[in-house]
Amino acid sequence: MQSIDWIVLSITLAFIVIYGAWKTRGSKNVEEYIKGGNDTKWWTIGLSVMATQASAITFLSTPGQAFHSGMGFVQFYFGLPIAMVIICLVFIPIYHKLKVYTAYEFLEGRFDKKTRTLTAILFLIQRGLAAGITIFAPAIILSAVLGWDLITLNVIIGVLVIIYTVSGGTKAVSVTQKQQMGVIFAGMFIAFYIILDYLPDGITFTKALEIAGASDKMQVLDFSWDLNNRYTVWTGILGGTFLMLSYFGTDQSQVQRYLSGKSVRESQLGLIFNGLLKVPMQFFILLVGVMVFVFYQFNSSPLNFNPKAQEAVVNSEYALKYKELETEHQKIENEKKVLIFEGLTVENKKQIQKLNEQDKTLKEKAKEIIEKVDPKVETNDKDYVFIQFILNNLPKGLIGLLLAVILSAAMSSTASELNALASTTAMDLYKRNVTKEYSDAHYVKMSKWFTLGWGILAIIIACVANLFDNLIQLVNIIGSIFYGNVLGIFLLAFFVKFVKGNAVFIAAIITQILIISIYYFGIYLLQQRGEDPIISYLWLNAIGCGMVMMLAILLQKIIFKKN
């Protein structure tokens with residue numbers, strides 16, 4: 001980090017915070033503060049929806065995911081366009097017709113107060129945890145790579161977001177997210193161009209794709225029906241559709257983005273815009289990761305991209321053994337480079353894949369050594385690949401810009417989450433459960449206090465969190481555990497008119513207990529023992545949705561039939 005990088009980083013972040021606070025100052029009523037005054041244009045809605053989902057985890061983990069596993073992760077988003085169409089046709093017209101402040105407000109009119117409260121609480125639990133992770137993800141990686149203090153980073157990111165989110169509410173989130181998406185797109189396109197420019201003479205973009213394909217990094221589609229496989233066309237279309245329906249249709253952090261629309265049409269156009277652009281955007285981010293992989297076919301790469309892991313081993317008794325693995329790793333890289341320059345014949349491709357398997361074995365041995373040296377050091381380096389490339393290879397000034405991309409993404413996603421958490425707490429719990437009527441100014445004030453409270457809690461969660469296998473997966477796992485149940489409740493409300501509140505409430509509690517049990521015993525514990533899970537976590541959305549609907553219908557027909 002040079003002086004110019006600090007200047008670029010500081011100016012970018014300061015502009016976003018100051019602009020957001022200034023542009024939306026003076027929100028006097030709940031309509032303005034929570035729904036943004038209902039005057040948001042479709043392109044602002046589309047970018048805001050996209051920015052809410054595209055957290056720093058997206059720009060740190062996704063390139064690393066592609067570096068290690070290729071383009072297959074894009075299948076996870078195949079259900080998104082389908083979900084956008086369903087939400088535009090069903091969810092948005094109902095929300096706008098009822099003029100609700102939150103998605104859960106609708107459930108009280110359809111079922112009862114306790115069902116609304118339970119659903120709001122489920123949202124608060126999972127989104128509260130996710131808010132902490134969206135702060136923690138960039139903080140722990142920047143801390144490890146730059147040597148910055150982790151706690152200080154958590155606090156800085158959290159405080160920056162709190163300033164303008166408390167100040168301007170929903171509108172502040174929406175207007176700043178336009179600026180943040182501008183920074184993000186500019187930074188990623190520049191990074192992509194520079195990676196291609198750094199490739200050796202004669203290695204065109206087409207040739208780079210061929211090199212990546214030789215190592216199976218360009219396999220986008222997997223039509224297998226293997227339920228253990230996380231990313232296939234079917235898990236993306238089926239499991240992904242349920243997850244995206246739940247997230248965009250029932251998660252207040254997203255619902256609040258399009259509830260601020262000027263009209264039903266503006267909200268619908270915003271979501272369609274997101275549906276059309278999101279999959280290509282994720283494809284492009286994965287492609288950046290693949291190009292980083294190609295770059296390292298011609299330039300030496302570390303055995304493990306986490307600098308803390310490298311540092312721990314170098315100063316240990318295993319340093320010599322680790323050095324031997326690094327030498328073997330370097331030898332494999334050199335052999336692959338020779339094969340690439342010779343030409344990607346069928347035989348050379350087979351040799352490259354064989355060398356990749358040998359290199360993978362070396363990296364696993366390296367992880368074992370790192371774990372022996374310090375079990376607390378993260379051995380999975382997916383989240384460190386892209387940031388290490390940025391810091392070690394980009395020119396001065398652009399490092400600051402790319403760090404601004406990562407922090408802007410963290411801020412945009414966290415701001416949406418805090419805004420939604422505060423709105424849900426204020427409208428679904430506080431306002432609905434206090435008997436005395438207060439003025440609009442009072443509820444605006446309480447919303448600001450709840451935003452501050454959730455912001456502080458998110459910072460605390462970030463400070464005590466632990467790094468998972470892959471941060472982008474952790475957020476999706478948390479969502480999958482809760483979203484299916486919530487989606488099922490909403491589908492019952494929309495389409496199964498004879499089911500009433502008591503049946504739904506009991507079914508939702510039973511379903512949530514069962515889904516948590518399935519994840520813990522059927523996925524988490526098995527993975528901890530090195531065994532295959534019984535099912536991919538993405539299927540939990542469909543299972544939870546189907547389970548709560550089936551249980552509610554049975555309970556209504558058998559026990560609550562008089563109602």
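We number each residue from 1, following the sequence as shown. Here the structure is a predicted model, which is why all the values come from computation and not from measurement.
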One should read off an interatomic distance between Glu333 CD and Glu326 CD, to the nearest 0.5 angstrom, of 10.5 Å

When rounded to the nearest 0.5 angstrom, what is the spacing between CH2 in Trp539 and CD1 in Ile543? 8.5 Å

Separation of Thr62 OG1 from Leu286 CG (nearest 0.5 Å): 6.0 Å

Is there a donor-acceptor contact under 3.5 Å from the side chain of Asn334 to the main chain of Gln330? yes

Go through the steps for Gln358 and Leu362 under the test side-chain contact (heavy atoms from CB on, under 4.5 Å), then give the verdict. CA-CA 6 Å; Gln358 292 175 11; Leu362 288 180; 5.8 Å; no

Quick one: side chains of residues 204-221, donor-acceptor pairs under 3.5 Å with protein atoms, not counting sequence neighbours, listed by atom name and distance.
| from | atom 1 | to | atom 2 | distance (Å) |
| --- | --- | --- | --- | --- |
| Thr204 | OG1 | Lys207 | N | 3.2 |
| Ser215 | OG | Asn356 | ND2 | 2.9 |
| Lys217 | NZ | Phe67 | O | 3.1 |
| Lys217 | NZ | His68 | O | 2.8 |

Decide yes or no for Thr361 and Glu357: does some side-chain heavy atom of the first lie under 4.5 Å from some side-chain heavy atom of the second? no

Taking all heavy atoms of Gly64 and all of Val385, pick out the closest pair and write down the distance. CA-CB, 4.1 Å

Could you give me the CA-CA distance, side-chain angles and deciding distance for Ile461 and Phe136, then say whether side-chain contact (heavy atoms from CB on, under 4.5 Å) is met? CA-CA 8 Å; Ile461 292 171; Phe136 171 72; over 6 Å; no

So Phe73 and Tyr77, would you call those rings parallel, tilted or perpendicular, with 30° and 60° as cut-offs? perpendicular

Considering all heavy atoms, the nearest Val313-Tyr318 contact: CG1-O, 4.2 Å

So, the side chain of Asp149 versus the backbone of Thr152: is there a donor-acceptor pair under 3.5 Å, distance only? yes

If only side-chain N and O atoms count, and only distance matters, is there a donor-acceptor pair under 3.5 Å linking Gln297 with Lys336? yes

When you compare the side chain of Tyr198 with that of Ile195, does any pair of heavy atoms fall below 4.5 Å? no

Nearest heavy-atom contact between Ile523 and Leu540 is CD1-CD1, 4.2 Å

Would you say that Asn154 contacts Ile460 through its side chain, given a criterion of any heavy-atom pair below 4.5 Å between the two side chains? no

State, to 0.1 Å, how close Pro307 and Gln388 come at their nearest heavy-atom pair, and which atoms those are. CD-NE2, 3.5 Å

Could you tell me whether Glu364 and Lys367 make a salt bridge, using a distance below 4.0 angstrom between a side-chain N and a carboxylate O? yes

Return the CD1 to CE distance between Ile194 and Met291, rounded to the nearest 0.5 Å. 15.5 Å

Flag, side chain of Gln75 to backbone of Gly72, donor-acceptor distance under 3.5 Å: yes

Of all the heavy-atom pairs spanning Ala309 and Asn304, show the shortest one and how long it is. CB-OD1, 3.9 Å

Return the CD1 to CD1 distance between Ile162 and Ile456, rounded to the nearest 0.5 Å. 6.0 Å

Could you tell me whether the side chain of Asn348 reaches within less than 4.5 Å of the side chain of Glu342, counting heavy atoms only? yes

State, with a plain yes or no, whether a side-chain heavy atom of Phe482 is found less than 4.5 Å away from one of Arg127. no

NZ of Lys396 to CD1 of Ile7, rounded to nearest 0.5 Å, is 12.0 Å

Is the shortest side-chain heavy-atom distance between Ile369 and Leu325 below 4.5 Å? yes

Which residue in the set Val314, Thr327, Leu303 passes side chain to side chain contact (heavy atoms under 4.5 Å, CB included) when paired with Tyr322? Leu303

When you check the side-chain N and O atoms of Gln353 and Lys349, is any donor under 3.5 Å from an acceptor? no

If you look at every heavy atom in Gln310 and Pro302, which pair is closest and at what distance? NE2-CB, 3.7 Å

Working note: Leu526 + Ile534, criterion side-chain contact (heavy atoms from CB on, under 4.5 Å); need CA distance, chi angles, decisive distance, verdict. CA-CA 8 Å; Leu526 292 176; Ile534 59 172; 3.8 Å; yes

Compare all side-chain heavy atoms of Leu80 with those of Phe248 and state whether any distance is below 4.5 angstrom. yes

Give the intermediate values and the outcome of side-chain contact (heavy atoms from CB on, under 4.5 Å) for residues Ser61 and Lys382. CA-CA 6 Å; Ser61 290; Lys382 287 180 182 178; over 6 Å; no

Is the distance from the ring center of Phe305 to that of Phe386 below 6.0 Å? no

Under 6.0 Å between ring centres, would you say that holds for Phe189 and Phe192? no

Just by modelled atom types, is the Leu355 backbone N or O under 3.5 Å from a matching donor or acceptor in the Asp359 side chain? no

Do other residues, nucleotides or ligands put more than 12 heavy atoms under 6.0 Å from Phe341 CZ? yes

Where the side chain of Asp374 meets the backbone of Ile370, is there a donor-acceptor pair that is under 3.5 Å apart? no

How about Phe389 and Leu394: do any of their side-chain heavy atoms sit closer than 4.5 Å? yes

Donor on one side chain, acceptor on other, Ser301 and His329, under 3.5 Å: yes

